[in-house]
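Here the structure comes first, spelled out in structure tokens, and everything after it is commentary.
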Amino acid sequence: MQGWWSITTLFQVEKVLRLVILIYSIRGTMSSLQDKFTKYLENESIFQNKDILSNTYHPDDILHREEQIDELASILAPCLKGNDPSNVFVYGTVGTGKTLVTKHVCDELLNVAETSPSSLDIIYINCKMKKVADTEYRLSAKLARELGAEVPATGLPTDAVYDRFFEAMEEKEGVVIIVLDEIDALVRKIGDDFLYNLTRINDNLESTKVSLVGISNDLNFVDYIDARVKSSLSEEEIIFPPYDGMELKKILKQRCEEGFNDDVIGSGVISKCAALAASEHGDARRAIDLLRVAGELAERDEKNKVTTEYVDQAQNKIEKDRVVEAVRNQPKHSQIILYTIINMDEGEVHTGDVYKEYQDQARKAGTDPLTQRRISDLIAELDMLGVINARVVSKGRYGRTRKISVDLDSHITKKLSNMLEDKFYL
DNA sequence: AGTCCACAGGAAGGGCAGGCGA
DNA sequence: TCGCCTGCCCTTCCTGTGGACT
């Protein structure tokens with residue numbers, strides 16, 4: 001028999017102590033969490049109705065878009081008498097109210113159509129949504145499903161899916177309006193053949209009439225589609241100009257009145273949000289985001305007033321969240337490349353240098369490196385995402401390459417680097 | 001003016017997984 | 001079960017590019 005202070009006993013004592021500490025720390029954390037939640041419940045929220053500050057909220061009164069609403073309504077009105085309206089192409093930069101106005105007019109149309117003799121169906125598709133309109137198969141399957149047909153996620157020949165879509169369309173016996181939001185993304189992914197077929201669909205249908213509403217952020221989009229599609233799609237065009245600072249202020253004021261409690265918004269907050277958003281192409285979505293996030297940050301600090309300092313913090317937070325989320329959703333090798341670029345620490349680097357370094361990092365992460373061709377595409381994708389800045393340059397007889405740099409704040413790159421380091425044990 | 005470099009980027013196709021229909 | 005079809009990720013092969021160098 002060993003003495004009281006034998007090694008085994010010491011280990012046992014240590015284990016018991018660790019357990020006691022763990023229990024106490026868990027109990028401590030739980031009680032502090034409970035305190036936090038209780039305090040949160042006790043504090044009065046600065047928000048009256050936070051949903052109003054969300055981008056999915058549809059206000060009854062859409063400010064500064066009366067002209068566009070009226071125009072779109074006039075174009076689509078013939079469908080109430082069973083006639084096919086002209087195709088419409090709606091365009092304007094991000095956050096100018098295109099989708100909001102289109103949905104608003106469509107909702108009103110459906111309301112009135114309930115009492116009209118002819119049948120009306122409206123299909124709304126956001127072509128930028130992943131797994132929805134990134135292939136011909138998926139888009140035609142989505143349209144067919146919206147019309148009530150059953151189409152499997154894969155397995156059928158594309159022609160068969162087209163057939164089901166046409167059959168479902170024919171069965172409607174009325175007017176169908178197809179709204180394709182972010183239509184430029186659709187064309188970039190699958191070309192304009194599908195769009196051509198859609199614009200010609202009325203030639204092949206007997207009892208149903210179809211009208212297309214295309215919505216695009218890209219003002220030059222129509223320049224790179226087939227001329228026949230262009231003339232057909234752009235029978236009518238509605239342009240959404242960016243909001244100016246004053247218009248944004250009115251929109252924000254409207255949302256503040258309904259979204260926040262009285263006297264919560266400090267002086268200069270609305271003006272600052274409006275000014276920041278106006279400098280980014282008059283983006284109302286951005287302005288509302290800034291306001292909401294500023295409110296959330298103030299509430300987190302247990303303050304009952306949103307000040308301009310919180311708007312600055314909100315601006316940083318939105319940018320940081322956007323980048324981190326975008327990177328988190330990237331494939332493994334894109335993340336390793338980004339980690340490589342961030343840590344090369346040379347300001348601007350070239351594709352060849354990045355590739356050499358990436359090969360080492362990929363092996364460290366326990367994976368086989370991809371080919372340079374594939375990496376070239378992944379670098380281009382990161383550039384498209386706005387995470388890095390990559391521009392093609394010629395170095396004369398030393399070749400053509402991309403100059404790559406990270407175009408982000410140092411605290412964001414640090415956060416990304418740590419996140420990727422932990423993930424891949426680099 | 002011609003050559004050369006180091007890629008960019010298009011096209012074609014392989015391999016795999018998932019799903020359908022006979 | 002098997003053949004066929006899809007999407008996705010990737011490789012291989014190839015042509016094109018633009019400016020420094022000769």
Side-chain angles (χ1 to χ4, degrees), chain A residues 125-168 182 185-195 197 224-226 326-341 344 346-363 365-407 423-424:
Chain A
I125 292 180
N126 184 342
C127 304
K128 220 170 185 176
M129 290 276 283
K130 275 198 169 179
K131 318 272 183 193
V132 170
D134 41 6
T135 64
E136 250 182 291
Y137 185 100
R138 281 184 176 152
L139 180 56
S140 40
K142 170 82 179 166
L143 286 168
R145 279 191 215 109
E146 290 286 332
L147 293 166
E150 282 190 16
V151 184
T154 64
L156 290 182
T158 311
D159 290 352
V161 184
Y162 264 113
D163 290 344
R164 290 193 191 183
F165 166 50
F166 273 88
E167 278 166 25
E182 312 263 12
L186 169 76
V187 173
R188 251 180 259 123
K189 280 177 193 155
I190 64 174
D192 55 9
D193 287 351
F194 190 88
L195 222 45
N197 291 340
Y224 53 82
I225 56 175
D226 185 289
V327 171
R328 213 191 291 278
N329 292 327
Q330 286 307 296
K332 182 167 77 178
H333 288 276
S334 285
Q335 293 180 343
I336 298 174
I337 293 161
L338 181 62
Y339 177 83
T340 307
I341 295 168
M344 282 181 77
E346 290 169 35
E348 278 189 331
V349 288
H350 299 125
T351 307
D353 308 328
V354 171
Y355 185 65
K356 274 181 209 152
E357 190 64 30
Y358 150 79
Q359 287 176 303
D360 292 341
Q361 298 293 359
R363 288 190 195 102
T367 178
D368 289 334
L370 303 179
T371 58
Q372 184 153 345
R373 175 68 189 87
R374 180 72 189 128
I375 296 310
S376 176
D377 281 344
L378 295 182
I379 288 174
E381 279 170 27
L382 285 171
D383 182 33
M384 284 277 286
L385 269 179
V387 178
I388 60 169
N389 196 350
R391 61 197 164 86
V392 178
V393 293
S394 175
K395 293 192 293 171
R397 70 172 306 168
Y398 303 108
R400 201 163 160 256
T401 182
R402 278 200 188 97
K403 261 190 178 176
I404 305 161
S405 59
V406 184
D407 200 12
K423 184 169 178 183
F424 297 114

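Below, chain A is the first sequence line, B the second, and so on; all start at residue 1. No hydrogens, no waters, no symmetry mates; every other heavy atom, side chains included, goes into these values.
When rounded to the nearest whole Å, the span between CD1 of A/I379 and P of B/dA6 equals 17 Å. One can place NE2 of A/H333 at 10 Å from C1' of C/dC9, the figure rounded to the nearest angstrom. In this structure, NE2 of A/H350 is placed 14 Å from C1' of C/dG19, rounded to the nearest angstrom. Rounded to whole Å, the distance from CZ on A/R164 to C1' on B/dG19 is 12 Å. Counting to the nearest Å, the P atom of B/dG9 and the CD1 atom of A/I375 are 15 Å from each other. For A/Q372 and C/dC10, the CD to C1' distance is 15 Å, given to the nearest whole Å.
Paired with A/I404 under the rule side chain to side chain contact (heavy atoms under 4.5 Å, CB included), one option of A/T351, A/T340, A/L382 passes, and it is A/T351.
The stretch residues 353-360 of chain A has no heavy atom under 4.0 Å from DNA chain B, so no residue of it qualifies as close. DNA chain B is contacted by A/V392, A/G396, A/R397, A/Y398, A/G399, A/R400, A/T401, A/R402 of residues 391-406 of chain A, taking any non-hydrogen atom closer than 4.0 Å.
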Determine, step by step, whether A/K395 and A/H350 satisfy the side-chain contact (heavy atoms from CB on, under 4.5 Å) criterion, reporting the C-alpha distance in whole Å, the side-chain angles of both residues, the deciding distance to 0.1 Å, and the verdict.
CA-CA 11 Å; A/K395 293 192 293 171; A/H350 299 125; 3.6 Å; yes
Give the C-alpha distance, both sets of side-chain angles, the deciding distance and a yes or no for side-chain contact (heavy atoms from CB on, under 4.5 Å) between A/D383 and A/I379.
CA-CA 6 Å; A/D383 182 33; A/I379 288 174; 5.6 Å; no
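Mapping A/G352 and A/R373 onto DNA chain B by nearest heavy atom places A/G352 closer to the 5' end of the strand.
Using a 4.5 Å heavy-atom threshold, the side chains of A/L338 and A/Q330 count as separate.
A donor-acceptor pair under 3.5 Å is absent between the side-chain atoms of A/Y358 and the main chain of A/H333, judged by distance alone.
With sequence neighbours excluded, the residues that form a side-chain contact (heavy atoms from CB on, under 4.5 Å) with A/A365 are A/I336, A/T367, A/F424, A/L426.
Considering every non-hydrogen atom in both A/Q335 and A/R328, the closest pair reads NE2-O, 3.3 Å. Considering all non-hydrogen atoms of both residues, A/F165 and A/A144 come closest at CA-CB, 3.8 Å. Considering all non-hydrogen atoms of both residues, A/V349 and A/M344 come closest at CG1-CE, 3.9 Å.
Comparing C/dC9, B/dA11, B/dG21 by their nearest atom to the side chain of A/R374 picks out C/dC9.
Put simply, A/T371 has a side-chain N or O that comes within less than 4.0 Å of OP1 or OP2 on C/dT11.
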